[in-house]
Amino acid sequence: MYRIILLVCFLYTPTFAKNKTVQDFYNESQALLKKAESAKTLSEKQGHLKTLEKSLKVSLQEYEKENPEEAKGEEKEVSLFESTFEPVFELKDKKSLAPKDCDSKKQFIITGDSMGRPEEAPRTKTAQEALRWMDVLCK
């Protein structure tokens with residue numbers, strides 16, 4: 001009987017996993033980027049990129065479940081991270097990457113990063129990370 005009560009309590013106690021922060025995603029991105037740098041083929045590199053994208057999507061879905069209203073705070077930062085990486089994620093399924101593809105995606109990241117900011121402002125940390133991924137994928 002005692003075991004049944006414990007089991008019921010365990011099963012019906014909601015488990016709250018802490019959503020990942022933007023810093024968690026920087027750390028995850030850097031770890032996966034190191035693996036991608038040592039990968040031999042484009043498809044291996046893309047596999048690491050897909051892992052990052054999947055992790056971001058899952059986290060954003062969790063944020064949305066917790067608070068379906070407009071994104072604020074950490075959710076907004078994670079969403080911005082994901083949208084900055086969108087041009088990189090668009091390359092995750094290509095069989096080969098032409099220099100033209102790489103150049104246009106890099107320019108898209110740079111242009112998106114500079115919107116609403118002074119012309120001489122340095123690139124954001126998120127844009128720098130996305131550009132590092134582009135460099136690894138495109139070499």
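Sequence positions, counted from 1, serve as the residue numbers for this chain.
- Contact check on Glu62 versus Lys65 returns a salt bridge, with a Lys/Arg side-chain nitrogen under 4.0 Å from an Asp/Glu carboxylate oxygen.
- Side chain of Ser83 to backbone of Leu80: a donor-acceptor contact under 3.5 angstrom is found.
- Annotation: salt bridge (Lys or Arg N to Asp or Glu O under 4.0 Å) contacts of Asp24 (sequence neighbours excluded): none.
- One finds the CG atom of Leu33 at 12.0 Å from the NZ atom of Lys35 (value rounded to the nearest 0.5 Å).
- Rounded to the nearest 0.5 Å, atoms CD (Glu37) and NZ (Lys45) are 9.0 Å apart.
- With sequence neighbours excluded, no residue satisfies ring pair (Phe, Tyr, Trp, His ring centres under 6.0 Å) with Phe25.
- Under the 3.5 Å distance criterion, with hydrogens and angles disregarded, no donor-acceptor pair is assigned to the side chains of Gln107 and Asp103.
- Trp133 and Tyr26 fall within the same hydrophobic cluster, defined by Ile, Leu, Val, Met, Phe, Trp and Tyr side-chain heavy atoms under 4.5 Å apart, directly or through other members.
- For the pair Leu97/Leu137, a side-chain contact is recorded, criterion being any heavy-atom separation below 4.5 Å from C-beta on.
- Partners of Glu129 by side-chain hydrogen bond (donor to acceptor under 3.5 Å, both in side chains), not counting sequence neighbours, listed by chain and number: Ser29, Arg132.
- Using a 4.5 Å cut-off on side-chain heavy atoms (C-beta onward), Thr41 and Gln46 make no contact.
- What you find for Thr21 and Val78 is that their closest heavy atoms are C-CG2, 3.9 Å.
- Once rounded to the nearest 0.5 Å, the distance linking CG of Leu49 with CG of Leu91 reads 8.0 Å.
- Using modelled atom types, no side-chain atom of Arg123 and backbone atom of Ser114 make a donor-acceptor pair closer than 3.5 Å.
- Among pairs with a residue in residues 65-123, those fulfilling disulfide (SG to SG under 2.5 Å) read Cys102-Cys138, at least two apart in sequence or across chains.
- Scanning all heavy atoms of the two residues, the minimum distance from Ser96 to Asp101 falls at O-OD2, 4.5 Å.
- The residues Lys20 and Glu28 are annotated as salt-bridged, a charged nitrogen and a carboxylate oxygen being separated by less than 4.0 angstrom.
- Leu131 has its side chain out of reach of Gln128: every pair of non-hydrogen atoms, C-beta onward, lies at least 4.5 Å apart.
- Nearest heavy-atom pair, Ala130 versus Ile109, reported as atom, atom and distance to 0.1 Å: CB-CD1, 3.9 Å.
- Classified by interplanar angle (parallel below 30°, tilted 30° to 60°, perpendicular above 60°), the ring pair Phe85/Phe89 is tilted.
- Remark: Ser38 engages no residue in a side-chain contact (heavy atoms from CB on, under 4.5 Å) (not counting sequence neighbours).
- Note on residues 71-82: pairs passing side chain to side chain donor-acceptor pair (under 3.5 Å), not counting sequence neighbours, are Lys57-Glu82.
- In this structure, the separation between CD on Gln30 and CG on Leu52 is 11.0 Å, given to the nearest 0.5 Å.
- By the 6.0 Å contact criterion, NZ on Lys50 is enclosed, its count of non-hydrogen atoms from other residues, nucleotides or ligands being greater than 12.
- Rounded to the nearest 0.5 angstrom, Ser43 OG and His48 NE2 are separated by 9.5 Å.
- With rounding to the nearest 0.5 angstrom, the NZ atom of Lys139 is 12.5 Å from the CG atom of Leu42.
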